[in-house]
Amino acid sequence: MSKYDFVTLEAKWQKKWDDVDLYKTTEDSSKESMYCLDFFPYPSGAGLSVGHCRNYVPTDTYSRFFRMKGFNVLHPTGWDAFGLPAENYAIKMGVHPEETTRKNTENYKRQMRLIGTTYDWNREVNSSSPEYYKWTQWFFLLLFEKGLAYQDYGSQWWCDDCKTVLANEQVEDGKCWRCGHEARKKDLKQWFFKITEYADRLIDDLDDLDWPEPIKIMQRNWINRSHGAKAVFKAETGDDIEIFTTRPDTLFGATYMVLAPEHKLVPKLTTPGQKEEIETYIKESAKISEIDRLSTDKEKTGVFTGSYATNPVNGERIPIWIGDYVLASYGTGAIMCVPAHDTRDFAFAKKFDLPIVEVVSPDGNPHELSDAYTESGIMINSGEYDGKNSEEFKKIITDWLKANGKGDQDINYKMRDWLISRQRYWGAPIPIIHCEKCGTVPVPKKDLPVKLPHIENFEPAGDGKSPLARATEFVNVKCPKCGGDAKRETDTMDGFACSSWYFLRFASPHVHDKAFDSEKVKYWLPVDVYVGGAEHAVMHLIYARFWTKVIFDAGLIDFKEPFTKLLNQGMLLASDHQKMSKSKGNVVTPDSMVEKYGADALRGYILFMGPFEGEVIWDEKGCAGVHRFLGRLWEMVTGNEYDVGGLDEKTETELRRIQHKLILKVTSDLENFRFNTSVSAFMESYNNLFKYFENKEVTNSKVWREVIETYLILLAPICPYITEEMWESVGHTESIHKQMWPKGDSSLAKDDVVKIPVQVNGKLRDVLEIEAGLPEEKLKELALASESVQRHIADKQVLKVIIPKGKLVSIVVK
RNA sequence: GCCGAAGUGGCGGAAUUGGUAGACGCGGUGGAUUCAAAAUCCAUUGAGCUCAACACUCGUGAGGGUUCGAGUCCCUCCUUCGGUACCA
């Protein structure tokens with residue numbers, strides 16, 4: 001018997017599996033398909049840490065499990081290689097991103113194989129390769145044709161550090177999502193995708209998805225659909241000021257208006273006397289950074305324009321102010337103010353001493369308000385509508401607005417269109433040609449891909465123009481329409497465009513004449529199980545859903561949602577309870593763990609650490625513990641003769657019980673992504689089997705072999721190397737990973753002796769060890785006869801005895 | 001502020017969803033092996049009752065409640081973490 005030499009055996013099997021291409025996936029209509037996908041990684045220069053393993057090991061285990069259950073499993077991966085992070089890294093290293101990407105992907109791939117993943121490398125894709133981004137551009141043109149891609153001038157988020165614009169989703173806390181530099185607004189002409197057109201469907205279709213509820217909530221909040229009404233307030237200048245409100249029931253309480261400083265009508269509404277003050281305010285608010293301006297605890301500021309408007313419902317003359325707490329980009333950029341029923345308006349009114357009129361009262365009586373009352377209630381001070389319920393009144397007054405041409409019902413969204421232009425080099429060029437005569441002309445599909453030219457000076461200039469603008473041979477083209485001189489669009493696409501369709505590409509990664517093979521997509525998609533970090537809740541996961549719907553609408557696929565089931569693995573923190581990062585020097589690499597304990601131990605520990613969705617803290621000792629367990633298992637499996645003798649019935653029953661309990665437990669745990677408890681089940685099962693290990697008669701028996709073989713098969717998805725080696729050592733030639741998953745028999749798993757706790761007044765007093773299946777009468781008798789129970793009921797009166805499901809005896813005494 | 005998740009031994013975490021709290025692992029303690037150490041193996045390990053056994057008491061963030069019975073359900077509060085930020 002040899003020792004558990006994980007180094008040698010892992011290398012041996014790695015090679016063997018590669019040689020036979022064990023994990024090559026092909027379509028097979030006789031088998032049910034299962035598509036299990038990890039968020040494809042951005043190949044960073046730092047390589048994989050054990051934190052990444054927390055994503056890849058569970059999905060790999062799950063995929064292996066499903067293969068053994070007889071499913072045809074697609075479990076591919078690839079590289080999200082385009083985008084700012086890759087480019088910034090290349091700039092930092094002073095190496096072209098093509099080169100850094102090539103190196104980094106090689107390293108990732110090496111590490112992924114090291115930990116025993118079963119990705120089908122025949123299906124590897126790379127979003128920065130022309131074969132791939134040709135189709136990203138093709139989808140851009142599809143969106144363009146459908147009127148969903150457009151150019152617009154406007155104030156955009158800009159990062160001075162990355163020297164490019166950012167989508168709204170990519171501004172976190174007023175800062176650039178990637179580099180953390182403060183974002184600011186800049187006026188630029190940019191490309192957008194009209195994602196707002198899909199806002200309703202993006203919200204409504206969430207209902208049917210098997211996704212974590214928090215992610216769905218985050219998406220709903222991000223899109224933030226508000227039902228309400230628009231209303232027109234007539235200014236005394238004769239201008240119409242349109243507002244949006246979710247509380248039309250409070251219209252009678254609108255005592256002033258506030259417009260965003262950027263609102264178009266501000267100059268016209270400003271009276272000569274107020275002109276200076278207004279202009280100063282506009283200048284000042286432009287200077288304040290967005291973060292400060294959006295901060296909720298900032299005191300309200302504003303200036304009176306000098307003009308008045310008429311409240312459409314009661315004809316009251318109300319003053320028009322401007323204030324920076326009103327955003328130009330939401331709704332109409334103007335609001336009606338109801339200080340009695342809106343906290344922000346209340347604060348503003350208090351500060352500038354504006355009238356506060358209560359119109360919704362909790363009890364129908366007027367009150368002295370010390371705060372805004374924002375709940376529903378009974379209408380007061382609302383003319384003929386007094387006494388109505390405010391919720392019902394919403395509809396009544398909205399209908400009235402409509403009937404009188406002063407408004408209508410309306411819906412607003414917080415989500416904005418997706419800004420996809422990037423003034424950066426490392427992305428898919430936007431396939432558009434600008435011609436002076438013909439305007440914006442899409443590149444004909446036959447001319448795709450628009451290849452990203454190899455240029456040495458790819459750093460952003462910071463002038464708001466893409467580095468591609470400097471590549472004159474790239475920029476200057478003939479117009480596809482008129483043949484005259486024209487210029488290429490030089491912006492590249494946001495990296496999130498590339499990742500909005502990659503899951504489709506895996507079905508047929510090598511087709512050259514289309515983005516995907518419809519038949520194969522039909523077989524594999526949608527993705528059955530999609531696993532990745534929760535940080536993509538509002539970026540990637542909204543964008544990919546949007547593209548899928550556009551592709552569906554174009555009739556190219558037959559599903560509306562790309563990811564049926566979504567799971568978020570919990571974060572893995574370093575032993576210092578902080579995120580692993582190079583700068584903190586707390587990164588643990590899979591390489592070092594594989595070297596010390598083997599890939600199987602690393603995999604086992606990753607799964608054992610804690611619940612899949614929970615946050616866990618790295619502790620190398622735990623990894624060593626799993627390694628020790630595997631060493632013991634090795635001893636137990638490899639030292640036996642097997643098949644020599646028979647076995648008595650009692651021992652066989654006991655061994656079968658261990659075997660079938662394990663099958664049932666592991667099967668249900670793996671199905672439910674409860675890997676941590678399945679690893680404990682293996683350890684527990686080992687401990688139970690080990691009690692027989694000294695008994696040669698047992699370990700030489702056929703039953704022992706069967707129990708051990710079942711154990712190995714069950715463990716194979718978690719620890720593929722050691723199980724394969726032991727499987728071979730007990731005499732098999734076909735890979736363990738090709739074996740069928742065993743079926744558990746609950747009747748064999750059942751205990752013949754059960755433990756029945758006995759409680760007296762809710763306190764545990766005894767545990768009866770008795771034959772299973774005794775009638776309740778007998779249980780009651782035995783429980784009452786118990787010595788320690790007697791001690792507690794002797795001088796008392798037994799009121800009742802409860803025996804729920806024959807599992808426990810509860811005696812109530814007085 | 002609002003939305004969401006979670007609080008269980010020295011630590012990571014189990015607990016059939018209302019039924020023996022602490023599975024499994026880590027760490028600790030004692031022992032075996034060893035010249036010694038590492039490794040390995042065996043035993044023990046929630047707290048208290050000044051040693052031990054038996055028994056008993058307490059114990060799942062805090063306080064109430066429902067129940068024969070609560071880590072699990074209900075109410076109030078506290079703490080931590082994630083998301084979000086004047087969206088009218």
Side-chain angles (χ1 to χ4, degrees), chain A residues 172-174 212-218 220-222 224-226 228 243-247 250 258 291 293-298 300 323-327 329-338 341-345 347-348 412-416 534-535 537-538 568 570-571 573 575 577 604-605 608-611 613-626 628-629 631-632 635 665 668 674 676-687 755-768 788 791-792 799-805 807-813:
Chain A
E172 295 171 348
D173 216 8
E213 207 51 41
I215 300 285
K216 292 194 194 180
I217 291 169
M218 273 191 239
R220 285 193 197 101
N221 289 347
W222 185 262
N224 194 22
R225 174 166 60 192
S226 304
I243 60 101
F244 171 73
T245 178
T246 53
R247 294 293 305 275
T250 63
V258 178
I291 318 173
R293 186 169 158 184
L294 291 177
S295 144
T296 32
D297 32 65
K298 186 191 152 236
K300 300 277 174 292
D324 64 9
Y325 82 98
V326 176
L327 307 173
S329 51
Y330 182 76
T332 61
I335 60 167
M336 70 166 190
C337 297
V338 187
H341 305 292
D342 181 283
T343 21
R344 296 153 299 177
D345 297 346
F348 194 88
N412 261 272
Y413 304 89
K414 188 170 104 179
M415 183 172 68
R416 310 291 146 78
E535 69 273 13
V538 290
N568 298 121
M571 227 181 328
L573 301 178
S575 46
H577 294 233
Y605 177 56
F608 183 52
M609 289 179 86
E613 308 206 35
E615 187 179 275
V616 287
I617 290 145
W618 179 259
D619 179 7
E620 194 182 317
K621 295 204 183 84
C623 194
V626 175
R628 258 198 302 274
F629 157 69
R632 285 196 291 261
E635 301 286 320
K665 174 71 177 155
S668 88
R674 296 207 314 239
N676 55 329
T677 47
S678 79
V679 175
S680 344
F682 281 110
M683 292 171 168
E684 201 179 346
S685 205
Y686 165 88
N687 292 341
K755 291 182 177 177
I756 304 287
V758 184
Q759 298 178 347
V760 178
N761 281 354
K763 290 209 164 112
L764 181 74
R765 294 305 176 192
D766 200 6
V767 178
L768 304 174
S788 45
R791 244 200 321 274
H792 290 92
L799 295 180
K800 53 178 165 175
V801 178
I802 303 162
I803 307 179
K805 288 179 257 168
K807 272 169 144 184
L808 163 143
V809 181
S810 182
I811 301 166
V812 189
V813 295

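Each chain gets a letter, A, B and so on, in the order the sequences are listed, and its residues count up from 1. Small disclaimer: the values here were computed from a predicted structure and weren't measured. Any value given below was found using the heavy atoms of this structure, including those in side chains, with hydrogens, waters and symmetry copies removed.
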With sugar-phosphate meaning primed atoms plus P, OP1 and OP2, does A:Ser810 contact a base, only sugar-phosphate, or nothing at under 4.0 Å between heavy atoms? base
Sort out for me which residue in A:Val767, A:Val809, A:Ile803 forms a side chain to side chain contact (heavy atoms under 4.5 Å, CB included) with A:Ile756. A:Val809
Using atom OH of A:Tyr686 as one end and atom C1' of B:G25 as the other, report the distance to the nearest whole Å. 14 Å
Rounding to the closest angstrom, what is the interatomic distance between B:G9 and B:G4 at atom P? 27 Å
How far does the C1' atom of B:G10 sit from the matching atom of B:G1, given to the nearest Å? 38 Å
Counting side-chain heavy atoms from CB outward, which of B:C24, B:C86, B:A88 is closest to A:Ser226? B:A88
What does B:G12 pair with, Watson-Crick or G-U, if both distances are under 3.5 Å? B:C24
What is the nucleic acid contact for A:Lys755, judged by heavy atoms within less than 4.0 Å: base, sugar-phosphate only, or nothing? base
Closest to the A:Lys763 side chain, choosing from B:C68, B:A55, B:U57: B:U57
Closest to the side chain of A:Trp222, out of B:G27, B:C24, B:A85, is B:A85
Mind checking the P distance from B:U16 to B:A6? Whole angstroms is fine. 15 Å
Nearest-Å distance, CZ (A:Arg628) to P (B:C24)? 15 Å
Expressed as a whole number of Å, how far does the P atom of B:G19 sit from that of B:A38? 45 Å
Partner of B:G71 under the Watson-Crick or G-U wobble criteria, both distances under 3.5 Å, comes out as none
Rounded off to whole Å, could you give me the CG-to-P distance for the A:Asn221 and B:G83 pair? 14 Å
In whole Å, I'd like the distance from the CD atom of A:Glu684 to the P atom of B:G25. 9 Å
Close N/O contacts between protein and nucleotides 42-47 of chain B (under 3.5 Å):
none

Please check if the side chain of A:Asp342 supplies one atom and the backbone of A:Cys337 the other of a donor-acceptor pair under 3.5 Å. no
Per atom distances to the A:Val326 side chain, the nearest of B:U40, B:A88, B:C58 is B:A88
pair_partner(B:C81), Watson-Crick or wobble, both distances < 3.5 Å, evaluates to B:G4
If you check the A:Leu808 side chain, which of B:U20, B:U84, B:C86 turns out closest? B:U20
Please compare A:Arg765 and A:Tyr330 by the position of their nearest nucleotide in RNA chain B and report the one closer to 5'. A:Arg765
May I have the distance from A:Asn761 (atom CG) to B:U20 (atom P), rounded to whole angstrom? 17 Å
So, does the side chain of A:Gln759 form a donor-acceptor pair with the base of B:G19 at under 3.5 Å? yes
In Watson-Crick or G-U wobble terms, both distances under 3.5 Å, what is the partner of B:C51? none
Rounded distance in Å between the P positions of B:C56 and B:A21: 13 Å
B:U17: syn or anti, per glycosidic angle within 90° of 0: syn
I'd like the C1' distance from B:C2 over to B:C74, given in whole Å. 24 Å
Heavy atoms of A:Asp345 and A:Met336 approach each other most closely as OD2-O, 3.9 Å
Could you tell me which nucleotide pairs with B:A32 by Watson-Crick or G-U wobble geometry, both distances under 3.5 Å, or answer none if nothing does? B:U40
Using a heavy-atom cut-off of 4.0 Å across all strands, would you classify A:Asn687 as base, sugar-phosphate, or nothing? sugar-phosphate
Using a 4.0 Å heavy-atom cut-off, does A:Gly331 contact any base of the nucleic acid, only the sugar-phosphate backbone, or nothing at all? nothing
What integer number of Å spans the P atoms of B:U76 and B:G25? 42 Å
Side chain proximity check, A:Val760 to A:Lys763, heavy atoms < 4.5 angstrom: no
From NE2 of A:His341 over to P of B:C86, roughly how many Å is that when rounded to an integer? 23 Å
Starting from the 5' end of RNA chain B, give me the residue, A:Ser329 or A:Lys621, whose nearest nucleotide shows up first. A:Lys621
With syn defined as a glycosidic angle within 90 degrees of 0 and anti as anything else, the base of B:G9 is syn
Looking only at heavy atoms, the pair that brings A:Phe608 and A:Ser680 closest together is CE1-OG, 3.7 Å
Just checking A:Pro804: base, sugar-phosphate only, or nothing, at a heavy-atom cut-off of under 4.0 Å? base
Taking CD from A:Glu635 and P from B:C41, how many angstroms apart are they, rounded to a whole number? 9 Å
With a 4.0 Å cut-off on heavy atoms, is A:Lys414 in touch with a base, just the backbone sugar-phosphate, or nothing at all? base
Measure the acute angle between the ring planes of A:Tyr325 and A:Phe348, then classify it against the limits of 30° and 60° as parallel, tilted or perpendicular. tilted
Produce a footprint string for nucleotides 7-14 of chain B: one letter per nucleotide, 5' end first; B if the base is under 4.0 Å from any protein heavy atom, S if only the sugar-phosphate is, - if neither. -----BSS
Take atom C1' in B:G61 and the same atom in B:U67, then report the distance between them in whole Å. 23 Å
